[in-house]
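These values consider heavy atoms only, across backbone and side chains, with no hydrogens, waters or symmetry-generated copies. Since this is a predicted model, take the numbers as computed values, not measurements.
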Amino acid sequence: MLHTIEYPNNLKATQYHELYVGSAIHPALIKRNFFHIEGETIYNYLFISNKIPRKNGGRVTDTYIKKYDHLLPGGIWIQSLDPLNNWLPMEWGRIKPNFPRIDWQSQKPVKYESPPKTANRVTYFDIPNCLLNKIARRYNIPDIQKVLFAKRGQKLHVKGRRKNALYAANLRNSLSYAQSSSLLGLCRQDYLNPLMFWLWVKQHKLNFIDSGQKNVQITFWEWIKQHPEIPIILCEGEKKAACLLSLGFVAIALPGIWNGRVGKQDFDERLHPDLVPMALSGRKFIILFDYETSSKTRWSVFQATVRTAKAIESAGCDCVVALLPGPEKGVDDFVVARGLDANAGLTAIIDDAKSLADYQRSYRAKKWGLSKYKPDVTINVKYLSEALCIPELEEKCNLPEQNDLEKEQLFTPSIKGHPSNKESIDSGGVERDKSKKSPTFNFPKSGLVVLWSDMGTGKTELMRWWRDQNPDARFLNNGHRVNLLKNLGLRLRTAMYSDLGYTGLAQAQALSITIDSLHKLNTQSLTYGCIFIDEACQYLTHLLHSNTCRQHRAAILEVLEYIVYNAPLVVIADAHMDDLTVNFFLAMRPKGEVPYIIKNEWRNGSRTIYWYEGDNESALVAQISAALMLGEKVMVASDSKRFIKKLDKSFTIKYEESNSEKSHTPQKWRIWSVHSDNSGSDENVAFIKDITNAVKNFDALFTSPSLGTGLDISEYHFDLVFGVFHGASQTATECAQQLYRYRPKVPFHVWVAPRPPFGYQDTNAAKIKERLLQSNEVTAFLLRIDRETGKRGAEKDWALEAYCQILGNRHYSLNNLREDLRSLLTEMGNTFISVGSDDDDQARESLKAAAQALDRAHNSHVAKANNITLSEYRARQSKDYLDPNEIFECEKFRISDSYGIEVTESLVEMDKGGRLIRALAGLEAILAPPEESFTDPKTGRSYPTPPKIVTQKDRTERDNLPLCIDWGNYSARWLARFNLGLHQILLSLMKGDEVTADDSTLYS
């Protein structure tokens, strides 16, 4: 027998599902605050204003009745408490209709209806006890027993609400003549709201109540008022606030982004009256609005956020702004999409909230490019040389026509019959006659010159011209990738640092050297006439964040500052130049110098991009296979070396399988892969040296970030370019750099992971810096080093600021790489066609089989590799390139040295590239007992001393790494784990004891 499910407050199944499943709202919160209403009763809720025109009998005019007759089938009434009327149910509320009307101006559905002719209010929900406990635990507030809740959700009546409200008011006026026992009886029978009783207690102070009693029970929101240390989140919409409350955050719902303030800007703008009761000294408000993609909407949200924040600050409170990373629009969408990870992710987002000043600085109407610095000259030419008006250089830059899309057959297996892109590839969307009218410029002879120009616009040829004009000047070409340096070295006619000894480095008239090796230069002979740094933004990221620079980072920075300061001319170039990069190099130049900025508005866009929106890359991988089967030539760029290897292996397996089937003709495609494991081989060095011609021998080119910058394939060969980006390491600009290595304009097929694989990461540079310095200080304290001197290393302020800002910017991009890359590619002038979100099971299984085959082969090769000595192992760590056998031998030595046992295939598999030994080392550190306890003289608090296995690592790093950005701060991490009780918990588990969620050690 089937039983009909009854939902609270007459809610329909679809309505309850929308709230509980679609917005992750707690059932107890739904029961108290969300109600189904339908029929003409709805008019009693909406038409509460005396300003609404009515007929003689008091009935609302037909115009209003007709305007809202779409509500008759019903909707969800959302109840609110009134902060201006002792937290009684508010007459004002909002209805979410089952069948919304369409706004005639925006042509969009009106999702919520508010009472007409009535000022908007804000929504305070009625909070159940179960959520109170969550909130108290989150904010570490102990006195929750003081809070009394009234089940207002059960008191709401469908008919005669105004009459009932009048009756309640009259009853309250007569309370002074009643006895407390009678009042309590009324409360028990649900005739009287308990809040009224406690209000009467407060107002009349009955004689039998002890006047010294302090623990009078209060309502939830009165309790919040008494604790200004609890932050309050303001969000747009009731469902979002209810979702936040369900997770234990304190949230208030605004009916719209502009409804946190009232009045006119620069006249009487102030905080909304409903928020004033919470605006106590010391209170922090957190604004958390929706994630928006439209530039127009983003600008409106920005304005509303800033003005609301200023109103909050004017009321004497603090205000910060939390930003959702996307792609989910609302915070409830974010929580539902992230599932079990939602609480941790949302906590990180709110902890990462920006101050108003930081939010205003970080907001950019145009997300890429310079905003602080204005260009000295703005041009619009395909090649920078055209604006110099130098005939001999123009001849060098006038490359053959790359590709005429009018003569090409665009390919996409999923979408047929789409139009060809007929826009000229020469103009980048700009007419040639307009390009020829572009201003000209004289190349400066000294100072910091900034070339802000798109990829493929002749930045390198411009520097080649400078070399020809200044043959006697010493020239330094500095970069962050070996392949980039080798390519530029050939074009700029410089010696490569790896081909020279220490004497040769000092004597070279023109030198190309990587940032990793810059410390090898002799500072006594560092007098260069010009320093050129291409891909300057990625260069700076590599300098401050890469592990390869870690050991010598301080020396590298010292040498870089010296040569940049003393060189007459420093040229930095990037297609996506930003203020941060200019700031960094300007800080190293003579004081008072102003950069000379050349902006080229020409865009190498106008491509058709097929955008894949699935949860995995399988659909795009299937397209790659289909393209090759149809005889198309393809190039694949990815941010993952692992993916490139799997893709290559999957086609090898396909060939082997087809070769074994007698009924099929085996097909083997000519595929060339370039990744960090093989990019330095003799074969790849030769391939990269003449890559434009070398690719003509292959059907497919698979590339990882090792081929991301500095190389151009300028002649047509590939019919399609595929991009697969997992969001683990490459930002949007770096992904775009990879796609644009192929200059001819052919369609792109792009898939980007919908969310980062490692969760949300901090984007607030100020907080990143604050936490870094705090961690440094705690570690110094635990090592018995002076806190102030141990907080910082030898780094200069501008270097530390750049480090934190770069990290925040990178996290911003990686938190939602899919949207960030699409936005960048759109700004670059490309056209998008959505392919959908379907997956391909066969392609996914093919990649899975390839991964397993790669792992088996790797484990076997490592186990069977030759044994090497410690000296051989150390010598290989400084080499630019190791061949596969050397890699396997080094890996075997590391595993053998780590575990002290015979290296077998199963051990290699369990080691997982060193993750197991690192986990064991971490476990050993947690299990090791503290050395002793010591007392902080400032606070008198006792602290355990971390074990030597931990402190020794910190001391070694601080002795050998001068910059604090390279310190691991293992002692601070150990203390955090120890204070969480992990030491005792693990000891109990090792004894065989059972640890449950209610164990007291988890709350100590």
More than 12 heavy atoms of other residues, nucleotides or ligands under 6.0 Å from [atom1] of [X]: yes or no?
X      : atom1 : result
Gln551 : CD    : no
Lys696 : NZ    : yes
Asp690 : CG    : yes
Arg874 : CZ    : no
Gln842 : CD    : no

Apply salt bridge (charged side-chain N to carboxylate O under 4.0 Å, His left out) to [X] and list each qualifying residue two or more places apart in sequence or on a separate chain.
X      : value
Glu613 : Arg822
Asp454 : none
Lys953 : none
Glu889 : Arg876

[Y] side chain reached by [X] side chain, heavy atoms, under 4.5 Å:
X      : Y      : value
Ile513 : Leu476 : yes
Lys892 : Ile868 : no
Phe532 : Asn478 : no
Leu543 : Leu560 : yes

Does [Y] offer a backbone N or O that forms a donor-acceptor pair with the side chain of [X] under 3.5 Å?
X      : Y      : result
His480 : Ile515 : no
Asp762 : Ile768 : no
Lys646 : Ala851 : no
Arg818 : Val752 : yes
Asp352 : Ala348 : no
Trp751 : Gly614 : yes
Asp639 : His726 : yes

Heavy-atom closest contact ([X] atom, [Y] atom, distance):
X      : Y      : answer
Tyr873 : Cys890 : CE1-O, 3.5 Å
Asn830 : Leu825 : ND2-O, 2.8 Å
Ala799 : Phe584 : CA-CE1, 4.3 Å
His717 : Lys633 : O-CB, 3.5 Å
Cys735 : Phe725 : SG-CD2, 3.4 Å
Asn815 : Pro756 : O-CD, 3.3 Å

Just checking Tyr740 against Phe748, ring centres under 6.0 Å apart?
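Aromatic pair counts; centres sit under 6.0 Å.
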Problem - Centroid-centroid under 6.0 Å between His749 and Tyr610 rings - result: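 Yes, they do, as the ring centres are separated by less than 6.0 Å.
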Those residues at least two apart in sequence (or on a different chain) that pass side-chain hydrogen bond (donor to acceptor under 3.5 Å, both in side chains) with Trp672 are Asn684
Across all chains, not counting sequence neighbours, the side-chain hydrogen bond (donor to acceptor under 3.5 Å, both in side chains) partners of His675 are Asn678
To the nearest 0.5 Å, what is the distance between CG (Asp574) and CG (Asp534)?
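Going from CG on Asp574 over to CG on Asp534, the span is 7.5 Å.
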For residues [X] and [Y], is any side-chain donor paired with an opposing acceptor at under 3.5 Å?
X      : Y      : answer
Lys654 : Ser625 : yes
Glu891 : His858 : no
Thr494 : Asn477 : no
Thr731 : Ser813 : no
Glu886 : Tyr881 : no
His542 : Asp516 : yes
Asp578 : Thr581 : yes
Asp712 : Tyr742 : no
Ser640 : Ser638 : no

Test side chain to side chain contact (heavy atoms under 4.5 Å, CB included) on Val634 and Asp699 and set out the steps. CA-CA 7 Å; Val634 303; Asp699 301 307; over 6 Å; no
Query - Pairs where residues 903-918 contributes a residue and the test salt bridge (charged side-chain N to carboxylate O under 4.0 Å, His left out) is met, not counting sequence neighbours - result: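 Output for this query lists Arg894-Asp911.
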Residues pairing under salt bridge (charged side-chain N to carboxylate O under 4.0 Å, His left out) where one sits in residues 541-556, two or more places apart or in two chains, turn out to be Arg550-Glu957, Arg553-Asp966
Set out, in order, the CA-CA distance, both residues' side-chain angles and the distance that settles side chain to side chain contact (heavy atoms under 4.5 Å, CB included) for Phe718 and Val746, then state yes or no.
CA-CA 8 Å; Phe718 297 116; Val746 300; 5.7 Å; no
Check: Run the side chain to side chain donor-acceptor pair (under 3.5 Å) check on Gln623 and Tyr612 step by step: do they pass?
Finding: CA-CA 11 Å; Gln623 297 284 57; Tyr612 295 71; 3.1 Å; yes
[X]: side chain to side chain contact (heavy atoms under 4.5 Å, CB included) partners, not counting sequence neighbours:
X      : value
Asp839 : Asn616, Ser618, Arg844
Thr869 : Ser871, Glu872
Ser453 : Leu384, Thr457, Lys459, Asn600
Glu902 : Thr904

task = Test salt bridge (Lys or Arg N to Asp or Glu O under 4.0 Å) on Arg755 and Asp615 and set out the steps.
result = CA-CA 9 Å; Arg755 55 186 59 90; Asp615 290 335; 5.2 Å; no
_Does the plane of the ring in Trp611 sit parallel, tilted or perpendicular to the ring in Phe832? Use 30° and 60° as the thresholds._
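Perpendicular: the ring planes of Trp611 and Phe832 meet at over 60°.
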task = Specify whether Phe702 and Phe651 have parallel, tilted or perpendicular ring planes, treating 30° as the upper limit for parallel and 60° as the lower limit for perpendicular.
result =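 Phe702 vs Phe651 ring planes: tilted.
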task: Begin with the C-alpha distance, continue with both residues' side-chain angles, and end with the deciding distance and a verdict on salt bridge (Lys or Arg N to Asp or Glu O under 4.0 Å) for Glu535 and Arg481.
output: CA-CA 10 Å; Glu535 313 293 358; Arg481 290 191 185 276; over 6 Å; no
